[in-house]
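Inspection log for the structure reproduced underneath, given as structure tokens.
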Amino acid sequence: FNLMIHHGYADGVLKAGALPVMLPLTDDEDVLEEYIARCDGFLFAGGPDVDPAYYNETVHPKCGRITAPRDTLEIRLMRSLLALQKPVLGICRGIQVMNVVMGGTLYQDLNSEYADVQCEHMQRLEEYVPVHRVDVTPHSRLHEITGNTSLTVNSLHHQAVKTVGKGLTVCAVSEDGLVEGLEVEGHPFFLGVQWHPERMFTRDSASLALFEGLIQASLNMKA
Ligand code: MN
């Protein structure tokens, strides 16, 4: 099978002044340790659905494709990064992995499991077009980085955070009440967003600020 990723993730890291590297799908502990030692910051990208077994649920009929090797890699890697206090930006699936690692759960399919859907979370407009608002928690890291308590964001997800994992703070909520941003207070940089800044950053400064926040935190760790 192919390892594919939207070009915007690497482009955003480059634009923010860092060198992007894509990790292989490996479960080799020695290889992972090398990446953890050599890389200063980590971006967890969008992708398929996390296996609900990781949050003690059975697979809902509307749950999407599951990629076991990617689940294994990302959950193991994120646990280490949390322990080592290495900077992490989670995007879409990335925020969902964050939440699951911290003991939270997910809506496996919003249209089936979330009665209050009022926004178009799986947009049909071009991927860079903002389609709904999120309210940003005042004084959160997200607020500090973007300088805003309200953002308009794109939306390309059919799952979302259900119960929030222990140790995580909600930093963004959609107009219809879904958690769209999570962070760990006290961690140098551990921030997840449910939207897709990698598809907006060339035209949206708040999206670019997320990449810059990750890179700045990574530089601070080296200093
Ligand atoms: Mn959304």
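Values reported hereafter were calculated over all heavy atoms of this structure, with side chains retained and with hydrogens, waters and symmetry mates removed. Start at 1 and go down the list; that is how both ligands and their atoms are numbered.
The Mn ion (ligand 1) has H121 ND1, H132 NE2, S155 OG, H157 NE2, E180 OE2 as protein N, O or S atoms under 2.8 Å away.
In this structure, I66 and V59 have side chains that are in contact, with non-hydrogen atoms separated by less than 4.5 Å. Using a 4.5 Å cut-off on side-chain heavy atoms (C-beta onward), L81 and F190 make no contact. Using a 4.5 Å heavy-atom cutoff, the side chains of F201 and D11 are in contact. For the pair R76 and E29, the minimum side-chain heavy-atom distance is below 4.5 Å.
Aromatic pair H196/H157: ring centres not closer than 6.0 Å.
For the side chain to side chain donor-acceptor pair (under 3.5 Å) test, residues two or more places apart in sequence or in another chain that qualify with D49 are H158, Q159.
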